[in-house]
Protein chains: 2
Amino acid sequence: MNEPVRLADKLASFDETFAPKIIGYYNGNKIQIGKVKGEFVWHSHPDTDDFFLVLKGRLTIQLRDRDVELEPGDLFVVPRGVEHCPKADEEAHILLIEPEGTPNVGDADAEAAPEVGI
Amino acid sequence: MNEPVRLADKLASFDETFAPKIIGYYNGNKIQIGKVKGEFVWHSHPDTDDFFLVLKGRLTIQLRDRDVELEPGDLFVVPRGVEHCPKADEEAHILLIEPEGTPNVGDADAEAAPEVGI
C-alpha cells in the first residue's frame, strides 16, 4: 500500500454483499472492506481471531449464547474457535482484518470465497 | 475482548496525545486508539508495518519524500522500515494496530511509551 485508502470510495465501487474486498495488507494480514445484508453462515476460524469494525449501518454478530449488536464506530473481535454468524437487516459496511489465506467462511461447509482485491 | 468496544466512548475517556491506549487484541496485535496533536518523532519499525485509520480530524504522515494527508475514514499502512513522523495541526483521533511488544516510537532515540490499556 503506497497510497492511502479512502474507505468510502472503495465501498462505493462494488455492490456485492458477503464478498469482502482486499484493500491492503498489514503484517501478513488482509485488510478488507465488506457489505453485509441478510445473514451469513455459522462458522468459526480455529486458528485466528476475527476483527470487525462497523463503518456504516448496524451489524449483529450472532454468537451461540448471545447477539452482539454493533453500530458505526464499534469494534469487536471474535476469538478464534468461537462460532459466529454475522447478519444485518439493512445493509451494513464493515472493515475486516484476517490473516492472508483465511477463508471468510472459516470452517463452514461452503465453498470458500476467493480472495479478491480492489 | 468479550464485549464490543465503542471507539468514541473510549476516546472520550482520556486526553493525552501521543499515548495510544490498548482497547483489545487481535492475533497477537494490540488494537489501540490514540490522539495526535502537534508533531511526533521521526522513527521507523524495522520489522513491522504500521496501521493507521483516521477516526476524527486530519492527520499528516510525513515520509521522507512526501506527506500523506489523511481524513476520517482514510487508512494508511506505513511499510516496515519506512521512516515516518505523524503530525496534526488540530487534534486528530486514530485507530492503530501494532504487534504486541512494539514500541510506538519504533527505533527513535526516545524512551518507549509504556503499553497502556483502558
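Protein chains get the first letters and strands the later ones, always in sequence-line order, with residue 1 at the start of each.
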**Report entry** Partner residues of B:Lys35 under the salt bridge (charged side-chain N to carboxylate O under 4.0 Å, His left out) criterion, sequence neighbours left out
**Finding:**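 In terms of salt bridge (charged side-chain N to carboxylate O under 4.0 Å, His left out), with neighbours along the sequence ignored, B:Lys35 is linked to no residue.
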
Report task. Could you have a look at A:Leu55, A:Val78, A:Asn29 and say which one has the most heavy-atom pairs with chain B under 4.5 angstrom? Result -> A:Asn29

Query raised in the report: Just how far is it from atom CG of A:Leu70 to atom CZ of B:Arg6, taken to the nearest 0.5 Å?
Result: 8.5 Å

Query raised in the report: So do the side chains of A:Val5 and B:Asp74 get within less than 4.5 Å of each other, counting heavy atoms only?
Result: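 No; the side chains remain at least 4.5 Å from each other.
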
Query - B:Ile31 side chain reached by A:Phe51 side chain, heavy atoms, under 4.5 Å - result: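 They are in contact (side-chain heavy atoms under 4.5 Å apart), so the answer is yes.
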
Query raised in the report: Sub-3.5 Å donor-acceptor pair from the side chain of B:Tyr26 to the main-chain atoms of A:Ile97, do we have one?
Result: yes

Is [X] close to chain A through its backbone or its side chain, or both, or neither, when contacts mean heavy atoms under 4.5 Å?
X	result
B:Leu95	side chain
B:Leu63	neither
B:Asp9	neither

Requested in this report: Only counting residues at least two apart or in another chain, list the ones meeting side chain to side chain donor-acceptor pair (under 3.5 Å) with A:Asn27.
Outcome: B:Thr48, B:Arg80

Query raised in the report: In terms of heavy-atom contacts, does CG of B:Asp89 have more than 12 from other residues, nucleotides or ligands at under 6.0 Å?
Result: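 12 or below, so no.
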
